[in-house]
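Down below is the structure, laid out as structure tokens.
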2 protein chains.
Amino acid sequence: MARKATPKAEASAQKILDAALELFRERGFDGATMRDIARKAGVATGAAYYYYPSKDALVLAFYQHASAEMQPRIEAALAGARGLEAGLRELIRVKLDYFAPNRPVLRALLRNGADPKHPLSPFSPETGAIRAFDLEWFRRILSDCGFGIPRDLAPHLPDVLWLFQMGVIYFWVTDDSPGQARSYRLLDRAAKAVAVLVRLSALPLMRPVRKVALELIAIVKGPDDTAVPA
Amino acid sequence: MARKATPKAEASAQKILDAALELFRERGFDGATMRDIARKAGVATGAAYYYYPSKDALVLAFYQHASAEMQPRIEAALAGARGLEAGLRELIRVKLDYFAPNRPVLRALLRNGADPKHPLSPFSPETGAIRAFDLEWFRRILSDCGFGIPRDLAPHLPDVLWLFQMGVIYFWVTDDSPGQARSYRLLDRAAKAVAVLVRLSALPLMRPVRKVALELIAIVKGPDDTAVPA
DNA sequence: GTCTATATCGGGATAGAC
DNA sequence: GTCTATCCCGATATAGAC
């Protein structure tokens, strides 16, 4: 999106993105018009479209920018987190905290989840790079958590945890409790439950359960292993 | 939506809805314009808006119509289904089969799920009546399934199963496998897994697990018991 | 009450001049 | 790279035919 050619162009792109985010926050995604965004940024509507080919592209740009900016924050948060439960909780907490001022923007993102072909879907190729960064963190949490993960489950767990994260975020964008307190409570409890489940999954007694889970995972992931289709 | 005043009016409303559904199927929700829909139905654009105040209203009307039409089909399907697994599977299968020709319409519905305030959200007040019918079926499946449900879990299980259903449908609308074969496989296996889980939940050994589950359910359902917010 | 026809508006997106 | 003008679409409004 953002042409890096000249400093001036980059400044314009940033100016437009900032104006867009502010208006999204104030009036929501649909309430903010491209005309308003352009005017607030001090450019013509056509100029806005020069940098961002669509209104959705502004959301995508924010998402990419956010992902990059969150990497060091996640690193720092995980440095102080021991174990799977804490790792999971802190990783997702960083995201909720970071996105908090821009919940309407995230809603605009998630509403296209039902259509994997939509560029803004969390499952789309366009957001694939961001997904890859996320998965890397989940892999790290799992390998650092200190207890053994069953070999058959191990390669799929990052995807499962990623889906868990999406579920929490989905709940969070729709959560109207003050400060999204319910979401944070849910995250606390659910992270603990997931950690216990992963731990229990290693027990010999749990082999049949694991087998069923693996079958479900295989169906959801589909014939191609490259993506998480839904 | 549909004025029942005169047969002629009802016929017009139906004609417009049919034209809309056909165009949605052909070009998707966004690809079909109100002008096209009206022209295809042989009426003026204003007439379409006379019956359906918005494009979304067409989707809502379809959803309501579908819900009503599915009731006897569900009744018939459940008559031949014994046990929780079969009941769950057949109930959801009826819906997938019924909706199959109109997957794009259902996508238009589900994409607003991230915003409970949107009229088309499956969690919105406007779709509340449909949700109530659904919940009644889940209650019936549970009470007919033949084994005891723990007292503490019982009042919440219909909501949980409803959410499970939404998950399957969400997967189904994004499923591009031929005939949505993957979705049906998922439904088969997942219904079995859910049934086993419910059965196991009654074991004395499972009390602590049940307690955690109940806590999660309480957080998700929120302070008001009237609705399933997300 | 059930429409047609038409004008109008706001908003996303594009083309082409500069 | 940026702006102006324009197009299309969803939605609203209105006047009037039947």
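Worth saying up front: this structure is predicted, and the values here are computed from it rather than measured. Only this structure's heavy atoms are used, side chains among them; waters, hydrogens and symmetry mates stay out. Per chain, numbering begins at 1; letters A, B, ... match sequence-line order.
Residue B/L58 comes nearest to B/L17 through the heavy atom pair O-CD1, 3.6 Å, listed as atom of the first residue, atom of the second, then distance. The heavy-atom pair separating B/S121 from B/D115 by the smallest distance is CB-O, 3.3 Å. Nearest heavy-atom pair across A/V173 and A/R107 is O-NH1, 2.6 Å.
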List every contact pair, protein side and nucleotides 14-18 of chain D side both N or O, where the distance is under 3.5 Å.
none

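OP1 or OP2 of D/dG1 has at least one side-chain nitrogen or oxygen of A/Y50 nearer than 4.0 Å. Put simply, B/T45 has no side-chain N or O that comes within less than 4.0 Å of OP1 or OP2 on D/dA11.
A donor and an acceptor atom, one from each side chain of A/D175 and A/S183, are located under 3.5 Å apart.
A distance below 6.0 Å separates the ring centres of A/F123 and A/W162.
Checked against side-chain contact (heavy atoms from CB on, under 4.5 Å), A/A218 has no partners two or more places apart in sequence or in another chain. Applying the side-chain contact (heavy atoms from CB on, under 4.5 Å) rule to B/E22 yields the partners B/R25, B/E26, B/K40; only residues at least two apart in sequence or on another chain are considered. Applying the ring-ring contact (aromatic ring centres under 6.0 Å, His included) criterion to A/F29, with sequence neighbours excluded, gives A/F24. Partners of B/F138 by ring-ring contact (aromatic ring centres under 6.0 Å, His included), not counting sequence neighbours: none found.
Between the NZ atom of B/K55 and the C1' atom of D/dC8 there is a distance of 12 Å, rounded to whole Å. As rounded to whole Å, 13 Å separates atom P of D/dG1 from atom NZ of A/K15.
The side chain of B/K8 sits closest to C/dT2 out of C/dT2, D/dA11, D/dT2. Nearest nucleotide to the side chain of A/T6, out of D/dG1, D/dT2, C/dA5: D/dG1. Set against C/dG1, D/dA5, D/dG1, the side chain of A/Y51 has D/dG1 as its closest nucleotide. Distance from the side chain of A/Y49 is smallest for C/dT14 among the nucleotides D/dA11, C/dT14, D/dC3.
Heavy atoms of B/S12 sit under 4.0 angstrom from primed sugar atoms or phosphate atoms, though from no base atom.
Applying a 4.0 Å cut-off to non-hydrogen atoms, the residues of residues 21-40 of chain B that approach DNA chain D are B/A32, B/T33, B/M34, B/R35, listed by residue number.
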